[in-house]
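No hydrogens, no waters, no symmetry mates; every other heavy atom, side chains included, goes into these values. Reminder, nothing fancy here: chain letters follow the sequence lines and each chain counts from 1. This structure is a prediction, so every number in the text was calculated from the model and none was measured.
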Amino acid sequence: MEELSKVFIPDHVEKKWTSKWLDDCCFDRIVDNSKESFCVLMPPPNVTGVLHMGHLLNQTLQDAFARIARHCNKCATWIPGTDHAGISLQVKVEKELIKNGINLKTIEREKFLEHAGAWRDKHGGVILSQLKSLGVSCDFKNQVHTLDGGYSRGVLTAFVELYKRGYIYRGKRIVNWCPKTLTALSDEEVTMKPQKSKLYYVQYDIVERPGRSIEISTTRPETIMGDVAVAVNPEDERYKNLIGLHCKRPLNVMEIPIIADNAVDKNFGTGALKITPAHDSVDFAVGQRHNLPIIDILNPDGTLNARAGDEFIGLDRFTAREKIAEKLQAMGALSKVEEYENNIGFSERGNVPIEPRLSEQWFLKYPKVDESKRAVSEGFIKFYPKHWEKTYLHWLDNIRDWCISRQLWWGHRIPVWYKKNSDRSDSNNWHVSVDGPSDIENWERDEDVLDTWASSWIWPFGVFGWPDQEKMNEKSFQYFYPTNVLVTGPDIIFFWVARMIIASMEFMGPEKKSLSDKEIKERIPFENVYFTGIIRDKLGRKMSKSLGNSPEPLDLIAKYGADGLRFGILLSAPSGQDLIFNEENLKLGRNFCNKLWNAFRFSRINRSYTPYTKISLADIIAKISTADLDIDDHAILLNLIKFCSTFEGQVKNFEINAAINSISSFFWNEYCDWYVEASKSRLKDGNKTVAAVHDIIMRQLLLLLNPFIPFITDELWNVGERNQRSMQNVYCETSKDLRAAFDCLNLDKTSIGVVLQLKEFLNLSRRLISQSQVELKERMLLHICPKTEIAEEILRNYISKLQRLIGIEKIDFTDEILQLPSIQTPLGIVYLQVAKVNSVEEKKKLAWEIERLSKLIRLNEIQLSSREFLTRAPAHIIEGTKKMLSENTSRREELRKILSTM
RNA sequence: GGGGAAUUAGCUCAGUUGGUUAGAGCAUCAGCAUGACACGCUGGGGGUCGCUGGUUCGAGUCCAGUAUUUCCCACCA
């Protein structure tokens, strides 16, 4: 017998199994066509990232799904990878270069990319190795990086195809410009934040009406020099007679027209709006409608340029704002300034207000929008929790073209070439292909790269080498696609989830304008999307580096063990809700593992056994002699089936938190607290049948728990085995299998109910003792007055267990009413033998209980006297109420009898 | 402005299609070193289920309204 430590020490098993799993190639992609396939798609973490709290939950869930599939006899693979993280990595590399004294303005693109690549190779992928210590079972040998050669070809192919199919165009538009990182951003990368600002009221003199002016209101006086008109609502009575006239722009003085446009809200400010087409998207649209010129007065970095006028050149937009306000004030053109709160778009990365900027960019008009909606609304792809479907569908309903070009170097360079010295706006001078033109010396490639999300959106098939058929065969695309489950956060539902669905609809089959339901079903990238909650701190704030409220995951693993951490985090993650992170829950996880460890230790103490690696369920059952099974054995085996069935349902519905709770309560309450205690002496006596029952329960628990806590379970599974090997592919019997396997045992279904009664009897007896404040060292005696003959038989059969479980010297039977402290149980009345009876106290207790019962009886009586209740309620409810009434009444009678004798 | 989610014990949450006296864990209180486990065992206390109406024999559960919290989406300068 191997000695197991008294306390589970994670460190002793984690490292061993981490390397063993990898050495034994446990997670390699091996296709077995006789099995059903199962594929988990890992959301590729940023190559710049390190393991954070969110990953723990996310990765644990993915791992659990993959491992559960393996125990269900499926051929499972989990594809890992990393994202090149466009802006994020570029910013990091730039910082490092500056630190090393390298001038970013003069460095060449190729040189920069060399540095960036080196940075990635050095720091990137840390996260995947960190994940290993969490015990993830992903296929490390097939990890994919979004800038890998093969994957890149996929990204560019998608671009080229979409261009050919007419979905990609180049245009000069107002885009979200980040003045800090100097690139365009998509609408999704802009977050609105309420900001305290000021609303300035400015007078523009009317040219045709000397002495009169029109008052406009603006939050951005620094753009006045870019004004090309003043607009009013055509229905606005105040201004109707001014339409068509002109006013004077107060700075860089110029005459500009007063125009009418429906975009203007009569009720906001003065009802007159200055039009600056270069610096506002609404204004741009108005400008287009009225054929107005465009005056861009800002540099890309947000400073003012020469068109703003000499005195403002080079000023930052916010400094200029104050200066211009002062100047307007001095001129007498500023009539008032109001405090004002409005929503300003911020660049997520740069954390500065974005600048609406007119520039030449590449745009994608999304293909297969309707199909992508149907993929979800028709249920081909299921979201958990379901309510995210609405968010998804709403986004698709209001979808707008996607600006996919970024003014960066790090990323997939746009596969478009322009003839040298030609007009780039003329598409006749373009070449669009993955490999470029053959006479490349006559062409210049577009400088921009693609938005990172325009590369990760092909992830579900890009990881299989799409569009390279040979590679796809090699990677078993046919077998694993569509993937089964994607676990991710709802914060990237638009960024990523929706776009992956769109890309799959477009590319996972021949080019078609529209798709039938059948075709949609064939193209979906994944069948289920599980959205996790966001991990928050005790104050409900998001975990973030800047707040410093995020614990270091590796420290937590060291403190609680990977298994404890995994179990604890699943325990605290209610499905579909954000979770408040509390280290206490990790303690619970650690405690659970320790309890499992000790329960296992106990079940094998002082006896010979065969390791689980060498014995099947049938083998164990064969060791049972049916005659030796007692009521507790019957009940625990039946409860095992019941619990497994519940558990299976919960897992199937992705209710992982509930599943964890079920398994925890079966193991801890049913098995440890009841069965282990009840069967202790028989096990100690060497009863083989009891040992086998323990083995059945423990074996099943290990199989069910392995996906959640893989280290400890693999260790226990292998206790006694010299050539240890992972249990990950051992088939886990379902509740149905168990029922069939237990058929030969003739389990008695009534045992569950009887054991419940015994539990309550035990609980109440203990309460009686604990409340009576007798000295424990005192020799105690209980007298039982059984309710019925059947009750007496049950109790007599169980008497020795009762004595041990209650921890008393002796129990005897009586049919008299005794003047002793007593308690009513479903099986009869229990009296505690004490030296001195405090009769006042006892009478009070009895009276209180009689009163309580009387209240209940009254309620029952009222209900049963209602004709409506009797005619409309279903029979079993009426029966139940009657039964309750009679039980309560007879209980009350018993108590009254006792009371009357005192 | 539109939409989603939440509101049940001091805390974190369960509560399936309406049905008998609303559950769990943590925390708390009391007792126990009982031959696996003090990361443990036993027992106790603690809730008019956000609020107001409605439907129903019966509502934590269904409907309407309302309040608070929170997250998305949206071009009022």
Side-chain angles (χ1 to χ4, degrees), chain A residues 4 6-8 174 187 192 199 216-220 231 263-265 267-270 272-276 280-285 340 342-343 345 356 385 387-388 390-391 394-395 398 490-491 493-494 534 538 540 560 564 571-572 574 576-580 582 584-585 587-606 649 657-658 661 664-665 668-669 672-673 676-677 680 684 762-764 766-771 773 776 804-807 852 855-856 859-860 863 866-874 876-885 888:
Chain A
L4 295 181
K6 195 171 160 182
V7 175
F8 171 56
I174 289 275
D187 295 339
M192 303 304 276
L199 192 57
I216 59 97
S217 49
T218 180
T219 52
R220 304 201 56 194
V264 182
D265 180 355
N267 301 318
F268 186 88
T270 61
L273 171 65
K274 74 187 199 65
I275 301 298
T276 322
D280 186 280
S281 59
V282 175
D283 292 11
F284 180 77
Y340 184 65
N342 61 345
N343 279 325
H387 69 255
W388 290 112
K390 278 196 180 172
T391 308
H394 180 258
W395 185 74
N398 297 286
D491 49 332
I493 192 165
F494 311 136
I534 294 164
K538 278 182 196 160
Y560 301 102
L571 203 57
S572 53
Q577 279 177 57
D578 288 355
L579 71 100
I580 309 287
N582 188 345
E584 285 301 309
N585 285 338
K587 244 180 226 173
L588 298 181
R590 179 200 59 183
N591 295 357
F592 181 89
C593 293
N594 188 55
K595 185 82 176 171
L596 182 67
W597 182 263
N598 276 291
F600 180 92
R601 210 154 69 93
F602 171 76
S603 77
R604 299 237 166 148
I605 218 155
N606 296 332
N657 181 248
N661 277 313
S664 174
S665 93
W668 208 302
N669 305 129
C672 293
D673 290 347
V676 168
E677 293 304 327
K680 236 173 194 174
K684 208 182 150 201
L762 199 68
N763 170 265
L764 292 166
R766 282 167 172 163
R767 189 191 299 180
L768 176 67
I769 295 167
S770 133
Q771 282 175 352
Q773 295 171 319
L776 270 150
R804 219 171 39 76
L805 292 172
I806 301 175
R852 193 184 70 91
K855 272 184 198 158
L856 293 177
L859 284 173
N860 289 153
Q863 204 165 20
S866 153
R867 191 175 302 157
E868 280 156 326
F869 175 71
L870 292 173
T871 51
R872 300 199 189 193
H876 73 276
I877 297 295
I878 297 172
E879 282 314 302
T881 312
K882 280 183 184 163
K883 198 177 156 204
M884 203 163 75
L885 177 62
N888 285 336

Indicate whether OP1 or OP2 belonging to [N] is found under 4.0 Å from a side-chain N or O atom of [X].
| X | N | answer |
| --- | --- | --- |
| Arg766(A) | rU42(B) | no |
| Asn594(A) | rG40(B) | no |
| Lys390(A) | rG4(B) | yes |
| Trp668(A) | rA36(B) | no |
| Asn398(A) | rC73(B) | no |
| Tyr340(A) | rC76(B) | no |
| Arg767(A) | rG44(B) | yes |
| Lys595(A) | rC41(B) | yes |

What nucleic acid atoms does [X] come within less than 4.0 Å of, heavy atoms only: base, sugar-phosphate, or nothing?
| X | result |
| --- | --- |
| Ile534(A) | nothing |
| Pro874(A) | base |
| Asn343(A) | base |
| Lys274(A) | nothing |
| Arg867(A) | nothing |
| Asp265(A) | base |
| Asn669(A) | nothing |
| Gly269(A) | nothing |
| Thr218(A) | sugar-phosphate |

Taking the minimum atom-to-atom distance to the side chain of [X], which one of [options] wins?
| X | options | answer |
| --- | --- | --- |
| Phe268(A) | rC26(B), rC76(B), rC13(B) | rC76(B) |
| Glu584(A) | rA5(B), rC76(B), rC26(B) | rC26(B) |
| His387(A) | rG44(B), rA5(B), rG19(B) | rA5(B) |
| Asn591(A) | rG40(B), rG19(B), rA36(B) | rG40(B) |
| Ile580(A) | rU12(B), rU20(B), rA77(B) | rU12(B) |
| Arg601(A) | rG44(B), rA36(B), rG25(B) | rA36(B) |
| Leu856(A) | rG19(B), rU21(B), rA74(B) | rU21(B) |
| Gln863(A) | rA5(B), rA77(B), rG19(B) | rG19(B) |

Considering only the [atom1] atoms, how many Å lie between [N] and [M], rounded to the nearest integer?
| N | M | atom1 | answer |
| --- | --- | --- | --- |
| rA67(B) | rC51(B) | C1' | 7 Å |
| rA27(B) | rG10(B) | C1' | 8 Å |
| rC41(B) | rA22(B) | C1' | 27 Å |
| rA74(B) | rU28(B) | C1' | 49 Å |
| rG46(B) | rA24(B) | C1' | 14 Å |
| rU56(B) | rG19(B) | C1' | 12 Å |
| rG31(B) | rG45(B) | C1' | 15 Å |
| rA59(B) | rA64(B) | C1' | 15 Å |

Salt bridge (charged side-chain N to carboxylate O under 4.0 Å, His left out) partners for Asp265(A), two or more places apart: none
When you measure from the side chain of [X] to the backbone N and O of [Y], does any donor-acceptor pair fall under 3.5 Å?
| X | Y | result |
| --- | --- | --- |
| Asn594(A) | Arg590(A) | no |
| Arg766(A) | Gly807(A) | no |
| Arg804(A) | Glu677(A) | yes |

What is the pairing partner of [N], taking Watson-Crick or G-U wobble pairs with both distances under 3.5 Å in any strand?
| N | value |
| --- | --- |
| rU70(B) | rG4(B) |
| rU17(B) | none |
| rA24(B) | rU12(B) |
| rG40(B) | rC32(B) |

Intermediate values then yes/no, side chain to side chain contact (heavy atoms under 4.5 Å, CB included), Arg767(A) and Leu764(A): CA-CA 5 Å; Arg767(A) 189 191 299 180; Leu764(A) 292 166; 3.9 Å; yes
Value rounded to 0.5 Å, distance of CH2 in Trp395(A) from CD1 in Ile493(A): 10.0 Å
Between CG on residue Asn598(A) and CZ on residue Phe602(A), distance to nearest 0.5 Å: 11.0 Å
What integer distance in Å separates [X]:[atom1] from [N]:[atom2]?
| X | N | atom1 | atom2 | result |
| --- | --- | --- | --- | --- |
| Phe600(A) | rC39(B) | CZ | C1' | 19 Å |
| Phe494(A) | rA74(B) | CZ | P | 8 Å |
| Lys6(A) | rA33(B) | NZ | P | 15 Å |
| His394(A) | rG4(B) | NE2 | P | 10 Å |
| Ile806(A) | rC32(B) | CD1 | P | 18 Å |
| Asp491(A) | rU70(B) | CG | P | 19 Å |
| Asp673(A) | rG40(B) | CG | P | 11 Å |
| Ile605(A) | rG35(B) | CD1 | P | 11 Å |

Quick one: does [X]'s side chain get under 4.5 Å of [Y]'s, heavy atoms only?
| X | Y | value |
| --- | --- | --- |
| Asp187(A) | Phe494(A) | no |
| Asp283(A) | Ile174(A) | no |
| Leu596(A) | Phe8(A) | no |

Donor-acceptor pair present, Glu677(A) side chain and rA36(B) base, under 3.5 Å: yes
Thr881(A) vs Val7(A), nearer the 5' end of RNA chain B by closest nucleotide: Thr881(A)
Contact nearer the 5' end of RNA chain B, comparing Ala272(A) with Glu868(A): Glu868(A)
